[in-house]
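Structure, as structure tokens:
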Amino acid sequence: MQEAAYGLAQTLSSNDSGIGGNNHNALLNLPGHNNQSIGQINPEMTQTIGETLTPYIPAIGQLEDHLTETFGFGSLTHGDAIRVFSVIDSDPEAAANFNGQVFAQIENLQYKQAAQALANPEEPQLRYAHTIGQLQTYVDHGYIVEGADRGADAQELHDAKTQAYQIASGIAATGAGAIPGIGFPAAATVIAVTGVLEQSVVGSVPGIETYEVPREDPLGSRQYYNTLLALEDLGALTPHPVLDRYMTEDGKLLPYEEALMADNPTQNPISGGSGIATDAGNYLLNHNFPIDRITQYVDKGRVEARKG
């Protein structure tokens, strides 16, 4: 099964073989169909492609086999992965479902990274963080490549990414569709996407004039807060005054979207995110948790993936 899925990914991503010598271009501009994409001509097939590749999302993000339990799925280059995403993105429903799964798996990888770093803070294994960054770029650039091919504008790309976040929220709440070897932790189930959260993590459209999808976590607040949630779930979060405003009456962390508005007079999610990034970052650093190294590796993964 893994080998077949890998072969499918290779077929979708090939830009030097296949139909007309370029399968990827042909799938986005089907010959004889007025340059319409496979997603426009056959959305059901495109959705099936996304469903078939969903169990291999971390492998596509270059996470090692022993960490994913998907032995046999080969290696894709960053360019290959972005082309795979762009083909799936050619149908809006397939794009929302597949990228929603990616966002949900990122939540799981953040949890895994937090657990691993907690066990070995001096020498954390940072492959999870690196894969998180790469997957974030694949989502963004998949939308960009597909959108540019059909002349979409920034509003469409923004709306598509928002829809994927909504799908991810449902996955986290139900625990459905977990990838092999990486189940949904309890900490992830408290994260819900509301209009406030969409604004803060997906970004705002006005002013975007080029093909750029707003980064989902520009301040690092979501990454930091998810780490706090993971530590709480692992029994490793200790009381501290800097976290008091994010606590419920029974001493549990608020869901992220509520934490954004905690002690936030302007009720502005941007200022709320800035506060979380500062408070959570200070707490983690003061407790010798290597959040700075984790964040560096997420950013490193994003940068490397953009090189194709």
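For the numbers below, each heavy atom of this structure counts, side chains included, while hydrogens, waters and symmetry mates do not.
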Would you confirm whether the ring centroid of His287 sits within less than 6.0 angstrom of the ring centroid of His240? yes
Side-chain contact, heavy-atom cut-off 4.5 Å: Thr278 with Val242? no
Can you confirm whether the side chains of Asn286 and Asn282 place a donor and an acceptor under 3.5 Å from each other? no
Under 3.5 Å: donor-acceptor pair, side chain of Glu304, backbone of Gly301: no
Would you check if the side chain of Gln134 reaches a backbone N or O of Ala305 as a donor-acceptor pair within less than 3.5 Å? no
More than 12 heavy atoms of other groups within 6.0 Å of Gln267 CD: yes
For Tyr225 and Gly273, indicate whether the former's side chain and the latter's backbone hold a donor-acceptor pair under 3.5 Å. no
Go through the steps for Asp299 and Arg302 under the test salt bridge (charged side-chain N to carboxylate O under 4.0 Å, His left out), then give the verdict. CA-CA 5 Å; Asp299 290 340; Arg302 291 181 65 93; 5.3 Å; no
When rounded to the nearest 0.5 angstrom, what is the spacing between CD in Gln105 and CD in Gln110? 12.0 Å
Can you tell me how far apart OG1 (Thr48) and CG (Leu8) are? Round to the nearest 0.5 Å. 10.5 Å
Is there a side chain to side chain contact (heavy atoms under 4.5 Å, CB included) between Leu53 and Leu12? Walk through the geometry before answering. CA-CA 11 Å; Leu53 292 178; Leu12 300 178; 4.0 Å; yes
So, does Ser221 use its side chain to make a donor-acceptor pair with the main chain of Ala277 at under 3.5 Å? no
Donor-acceptor pair, Asp233 side chain versus Leu229 backbone, under 3.5 Å? no
Start with the C-alpha gap between Asp140 and Arg306, add the side-chain angles, then the distance that decides, and say whether salt bridge (charged side-chain N to carboxylate O under 4.0 Å, His left out) holds. CA-CA 10 Å; Asp140 288 356; Arg306 284 198 294 268; over 6 Å; no
Correct closest heavy-atom pair for Leu228 and Ala280 would be CD1-CB, 3.6 Å
What verdict does the side chain to side chain contact (heavy atoms under 4.5 Å, CB included) test give for Phe289 and Leu285, after you've listed the backbone C-alpha separation in whole Å, the side-chain angles of each residue and the deciding distance to 0.1 Å? CA-CA 5 Å; Phe289 188 88; Leu285 290 173; over 6 Å; no
Over 60° means perpendicular and under 30° means parallel, so tell me whether His78 and Tyr138 are parallel, tilted or perpendicular. tilted
Donor on one side chain, acceptor on other, Tyr143 and Ser86, under 3.5 Å: no
Can you check whether Ala104's main-chain N or O pairs, donor with acceptor, with Asn108's side chain at less than 3.5 Å? yes
Got more than 12 heavy atoms from elsewhere within 6.0 Å of OH, Tyr297? no
In short, Ala236 meets Leu118 closest at the heavy-atom pair CB-CD2, 3.5 Å
Non-hydrogen side-chain atoms of Ser271 and Thr266 separated by less than 4.5 Å: yes
Separation of Asp279 CG from Asp244 CG (nearest 0.5 Å): 10.5 Å
Check: Gly50 main-chain N/O paired with Thr54 side-chain donor or acceptor under 3.5 Å: yes
Tell me whether the count of non-hydrogen atoms from other residues, nucleotides or ligands lying under 6.0 Å of CE in Met247 goes above 12. yes
Nearest 0.5 Å, what's the CD-CD distance between Gln223 and Gln113? 8.0 Å
Audit row: His24, Val145, side chain to side chain contact (heavy atoms under 4.5 Å, CB included) steps and yes/no: CA-CA 11 Å; His24 174 252; Val145 169; 4.0 Å; yes
Just how far is it from atom OG1 of Thr77 to atom CD1 of Ile82, taken to the nearest 0.5 Å? 8.5 Å
Asn264 side chain to Asn268 main-chain N or O, any donor-acceptor pair under 3.5 Å? yes
Tightest non-hydrogen contact, residues Ile57 and Leu135, listed as O-CD2, 3.6 Å
Looking at Ile38 and Ser90, what are the two nearest heavy atoms and their distance? CG2-OG, 3.7 Å
If I compare all heavy atoms of Pro58 with all of Thr131, which pair ends up nearest, and what's the gap? O-CG2, 4.1 Å
Could you go through the side chain to side chain donor-acceptor pair (under 3.5 Å) check for Thr238 and Tyr283 one step at a time? CA-CA 10 Å; Thr238 58; Tyr283 172 89; 3.1 Å; yes
Check ion pair Arg222-Glu107 (N to O, under 4.0 angstrom): yes
The test is side chain to side chain contact (heavy atoms under 4.5 Å, CB included); show your working for Ile276 and Tyr246 and say whether it passes. CA-CA 9 Å; Ile276 288 175; Tyr246 307 116; 3.8 Å; yes
Taking the six-membered ring for Trp and the single ring otherwise, decide whether the centroids of Phe85 and Phe98 are under 6.0 Å apart. yes
Any donor and acceptor pair, going by atom type alone, linking the side chain of Asp89 with main-chain N or O of Ala95 inside 3.5 Å? no
Do Tyr111 and Asn226 have side-chain heavy atoms sitting under 4.5 Å apart? no
Going by heavy atoms in the side chains, are Asn42 and Glu44 under 4.5 Å from each other? yes
Assess whether a salt bridge exists between Glu232 and Lys252, defined as any Lys/Arg side-chain N lying under 4.0 Å from an Asp/Glu carboxylate O. no
Say you draw a straight line from CD1 of Ile60 to OG of Ser75; how long is it, rounded to the nearest 0.5 Å? 11.0 Å
When you compare the side chains of His130 and Gln62, does any donor N or O come within less than 3.5 Å of an acceptor on the partner? no
Please tell me if the side chains of Ile106 and Val102 come closer than 4.5 Å, counting only heavy atoms from C-beta onward. yes
Using only heavy-atom distances, determine whether the side chains of Asp91 and Gln47 contain a donor-acceptor pair under 3.5 Å. yes
Taking all non-hydrogen atoms of both residues into account, name the closest pair between Ala117 and Pro290 and its distance. CB-CG, 3.9 Å
Is Ser274 reaching over with its side chain to a backbone N or O of Ile270, donor-acceptor style, under 3.5 angstrom? no
